[in-house]
Amino acid sequence: MLPYFPDVAVYSSNYSLKIKLSAHLKNNRVYNLKNPKEFLDFARKNDGFIFIWELSKSTLCHLRILFAKLCEQENNIEILCLCGDEDCGEFMKKIISYANEKPLRLHFSGYNTLLSSIKLASSRLLESKLAAIAENEDRLNYITLKHDNKKLILVENLIKCVEKTGKNVIQVTLSNNEKIESTSNLKDIANQSTPCLFQCHKSFLVNIKYIQAISPNEWNHYDITLDGELTIPLSKGFFPHFTVAKNLLKSSAIQTFR
């Protein structure tokens with residue numbers, strides 16, 4: 001599973017907020033929405049994004065319009081209500097609660113905690129996205145590789161890990177420790193995989209079903225130990241994917257070949 005960086009839509013009377021967020025969120029696309037119509041158009045075209053709503057008297061007047069229209073759609077949206085004043089924030093919560101006709105994922109944040117709130121919202125969106133995939137985990141997933149100028153199809157459960165070993169070369173290690181070289185790239189494999197075969201490092205994918213241990217290393221990251229005494233790195237940036245995969249492993253619907 002590839003890293004997930006959802007789009008961020010900002011509804012604010014202050015355009016500089018979008019500029020500041022763009023400087024911090026290098027991997028996310030950040031948009032500035034000028035009015036309710038732009039927001040509703042954006043929501044119709046995008047499923048799974050973070051909406052940052054800077055609360056003010058001018059934006060609050062559109063509250064009922066936005067929520068009434070949003071409640072008509074099935075959207076996977078994390079809404080961060082941004083308010084600098086705590087008392088104002090409590091007042092806004094009551095108004096929003098009254099105006100909200102359907103449960104929406106509303107969260108409140110101050111300016112000093114906005115980046116951490118965005119990170120948490122991204123994690124919630126990722127978990128929701130992967131939970132939807134996990135519903136189909138009872139079906140076997142197949143990975144197609146380029147091997148000796150032909151297509152080779154493998155059951156994902158039989159793949160222990162995948163390593164990028166060269167510019168256009170990857171090495172797939174199977175459950176019996178057999179190794180297969182392919183001219184597919186890591187992204188091709190990640191795009192075909194379920195959350196169980198996840199990216200743990202820029203050069204590695206690993207199957208959660210074959211992990212025996214996780215331990216911190218001297219570079220402030222982690223080492224993954226697989227059966228057969230194989231060790232591969234787990235970067236901090238990919239740790240949330242390990243957590244999700246670990247939770248999925250507990251599901252009785254997941255089939256394992258050992």
Side-chain angles (χ1 to χ4, degrees), residues 1-34 36 38-56 59-60 62-63 66-67 69-71 73-86 88-90 92-97 99-135 195 198-199 235-248:
M1 187 71 191
L2 291 173
Y4 183 56
F5 301 105
D7 289 342
V8 176
V10 180
Y11 185 37
S12 168
S13 57
N14 183 7
Y15 187 76
S16 64
L17 178 60
K18 183 260 183 185
I19 297 174
K20 291 176 181 177
L21 285 175
S22 297
H24 287 284
L25 306 175
K26 301 293 186 182
N27 295 310
N28 304 73
R29 293 179 297 182
V30 184
Y31 300 87
N32 193 68
L33 307 180
K34 300 176 183 177
E38 283 193 1
F39 166 71
L40 294 172
D41 288 343
F42 190 88
R44 275 192 290 268
K45 296 175 183 176
N46 298 272
D47 182 33
F49 68 94
I50 298 171
F51 176 45
I52 298 176
W53 185 5
E54 188 173 35
L55 299 176
S56 66
T59 60
L60 194 63
H62 302 305
L63 178 70
L66 288 175
F67 279 171
K69 293 292 184 182
L70 193 58
C71 288
Q73 306 176 33
E74 291 296 328
N75 296 97
N76 189 21
I77 304 174
E78 291 286 331
I79 303 176
L80 296 181
C81 301
L82 183 59
C83 186
D85 184 272
E86 188 173 337
C88 175
E90 290 300 318
M92 296 294 186
K93 285 182 185 179
K94 294 178 182 178
I95 296 179
I96 289 174
S97 176
N100 192 3
E101 301 171 14
K102 170 186 169 184
L104 296 171
R105 293 201 296 274
L106 292 169
H107 313 278
F108 286 77
S109 177
Y111 290 91
N112 60 328
T113 59
L114 183 56
L115 290 178
S116 58
S117 296
I118 291 172
K119 185 176 180 180
L120 287 174
S122 297
S123 297
R124 287 190 292 262
L125 284 173
L126 175 61
E127 290 174 4
S128 175
K129 186 182 180 75
L130 297 186
I133 297 173
E135 291 178 1
F198 67 99
Q199 189 158 9
S235 300
K236 275 191 172 181
F238 295 104
F239 199 86
H241 296 274
F242 161 71
T243 303
V244 172
K246 183 176 66 172
N247 291 336
L248 292 181

Exercise for review: Evaluate the criterion side chain to side chain contact (heavy atoms under 4.5 Å, CB included) for residue pair Arg44 and Asp41; output intermediate values, then yes/no.
Suggested key: CA-CA 5 Å; Arg44 275 192 290 268; Asp41 288 343; 2.3 Å; yes
Check your understanding: Is the backbone N or O of Pro6 less than 3.5 Å from a side-chain atom of Asn28, with the two atoms forming a donor-acceptor pair by type?
Key -> yes
Exercise for review: Could you tell me the separation between the OG1 atom of Thr113 and the NE2 atom of His107, rounded to the nearest 0.5 Å?
Suggested key: 12.5 Å
**Study point:** Gap between atom OH of Tyr11 and atom CH2 of Trp53 - 0.5 Å precision
**Key:** 8.0 Å
Exercise for review: Determine whether the aromatic ring centres of Phe49 and Phe42 lie less than 6.0 Å apart.
Suggested key: yes
**Study point:** Donor-acceptor contact present, side-chain Ser122 to main-chain Ile118, <3.5 Å
**Key:** yes
Point to revise | Approximate separation, where rounding is to 0.5 Å, of Glu78 CD and Leu125 CG | key: 4.5 Å
Check your understanding: At their closest point, which heavy atom of Phe51 faces which heavy atom of Ile77, and how far apart are they?
Key -> CB-CG2, 4.0 Å
Practice item. Quick one: closest heavy-atom pair of Asn32 and Glu38, and the distance? Key: O-OE1, 3.8 Å
Review point. Between atom CD1 of Ile79 and atom OG of Ser109, what is the distance when rounded to the nearest 0.5 Å?
Key: 14.0 Å
Exercise for review: Measure from the ring center of Phe198 to the ring center of Phe238 and say whether it is less than 6.0 Å.
Suggested key: no
Exercise for review: Please determine, by modelled atom types, if Gln199 and His241 share a side-chain donor-acceptor pair under 3.5 angstrom.
Suggested key: no
Point to revise | Candidate pair Asp7 and Tyr31, rule side chain to side chain contact (heavy atoms under 4.5 Å, CB included), full reasoning | key: CA-CA 8 Å; Asp7 289 342; Tyr31 300 87; 3.9 Å; yes
Review point. What's the verdict on side chain to side chain contact (heavy atoms under 4.5 Å, CB included) for Leu25 and Leu115, showing C-alpha distance, side-chain angles and the deciding distance?
Key: CA-CA 9 Å; Leu25 306 175; Leu115 290 178; 4.3 Å; yes
Review point. Could you walk me through whether Ile50 and Leu80 pass the side chain to side chain contact (heavy atoms under 4.5 Å, CB included) check?
Key: CA-CA 7 Å; Ile50 298 171; Leu80 296 181; 4.0 Å; yes
Review point. What's the spacing between Lys20 NZ and Tyr111 OH if we round to 0.5 Å?
Key: 9.0 Å
